[in-house]
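Down below is the structure, laid out as structure tokens.
Start at 1 with the first residue, then count along the sequence.
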Amino acid sequence: MTLRNKELFWCIGSVILVLILNIFIFGIDAINANAALTLNVHDTSFIIANYHFVLLLSVFVFFTIYLVRTLHYNFKNVIANLVLMFSILLFILILTGIDSILNTLINQTTGWTIYPPLSATNNLPKIQPKANYLQIASQCLFFTQIVLLILLGYFGFKTGLHYKKNSVA
């Protein structure tokens with residue numbers, strides 16, 4: 001069995017695993033293109049199509065499978081390395097979209113309204129703001145993206161070294 005056939009079987013197996021997981025987690029709506037999730041925050045309504053969640057789970061599964069394969073073969077399988085790097089790029093793009101949604105929610109929920117007017121606030125006690133957990137989640141997503149970019153650079157470097165060794169030999 002050649003390397004290309006083996007990679008084709010791994011890719012088909014990964015796609016089948018993604019389909020099974022999506023149907024198991026999201027139900028039959030994972031296949032329906034018109035299904036959506038509605039988030040209501042105060043007077044703002046966010047409608048997110050289910051395929052965004054399916055795409056996130058799919059990229060995560062491909063990332064996990066090909067990360068294990070790449071580390072197991074010690075970066076010697078160039079096709080698996082390229083699939084891993086492509087899944088890292090997609091993962092970063094998806095996390096960027098999630099971060100933009102979180103930033104929109106942060107902007108919607110952090111406004112201050114002070115009554116009575118500011119001229120009458122001399123006698124009021126100081127108000128300490130609560131911790132904003134959405135801001136913490138946004139920062140975690142940002143640092144995750146930084147780690148993924150570092151991994152992408154490292155995997156690209158290791159793939160280049162093995163590709164150069166194979167093309168010279």
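- Hydrophobic clustering (ILVMFWY, side-chain heavy atoms < 4.5 Å, transitive): L161 and Y73 are in distinct clusters.
- When all heavy atoms are compared, the tightest approach of A80 to T70 is O-OG1, 3.8 Å.
- For the pair S138 and L102, the tightest heavy-atom approach, listed with the atom from each and the gap, is N-CD1, 3.9 Å.
- Nearest heavy atom pair, residue I47 against residue A36, reads CG2-CB, 3.8 Å.
- Here the CG atom belonging to N103 is positioned 9.0 Å from the CG atom belonging to L141, to the nearest 0.5 angstrom.
- A donor-acceptor distance shorter than 3.5 angstrom exists from the side chain of N81 to the backbone of F75, with no hydrogens or angles considered.
- Using a 4.5 Å heavy-atom threshold, the side chains of F53 and I25 count as separate.
- A tilted orientation is assigned to the rings of F63 and F60, their planes being inclined by 30° to 60°.
- With contacts defined as side-chain heavy-atom distances shorter than 4.5 Å, the pair W10/Y66 qualifies.
- Of the possible donor and acceptor atoms, one in the side chain of N22 sits under 3.5 Å from a partner among the backbone N and O of V18.
- Under the 4.5 Å side-chain criterion, counting only non-hydrogen atoms from C-beta, N77 is in contact with E7.
- Here the CD1 atom belonging to I79 is positioned 11.5 Å from the NZ atom belonging to K6, to the nearest 0.5 angstrom.
- Here L93 contributes atom CG and I98 contributes atom CD1; the two are 11.5 Å apart, rounded to the nearest 0.5 Å.
- Expressed to the nearest 0.5 Å, how far CG of L67 lies from OG of S87 amounts to 8.5 Å.
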Margin query: What verdict does the side chain to side chain contact (heavy atoms under 4.5 Å, CB included) test give for V83 and I65, after you've listed the backbone C-alpha separation in whole Å, the side-chain angles of each residue and the deciding distance to 0.1 Å?
Written below: CA-CA 10 Å; V83 171; I65 289 172; over 6 Å; no

May I have the list of side-chain donor-acceptor pairs in residues 142-157 shorter than 3.5 Å, sequence neighbours left out?
unit_1	atom_1	unit_2	atom_2	d
T144	OG1	C140	O	2.7
Q145	NE2	I92	O	3.3
Q145	NE2	T96	OG1	2.8

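- Heavy atoms only, all atoms of each residue included: V54 and S58 are closest at O-OG, 2.7 Å.
- Looking only at side-chain heavy atoms (C-beta outward), I88 and L84 come within less than 4.5 Å of each other.
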Check: Could you go step by step and tell me if L82 and F86 meet the side chain to side chain contact (heavy atoms under 4.5 Å, CB included) rule?
Finding: CA-CA 6 Å; L82 292 176; F86 185 70; over 6 Å; no

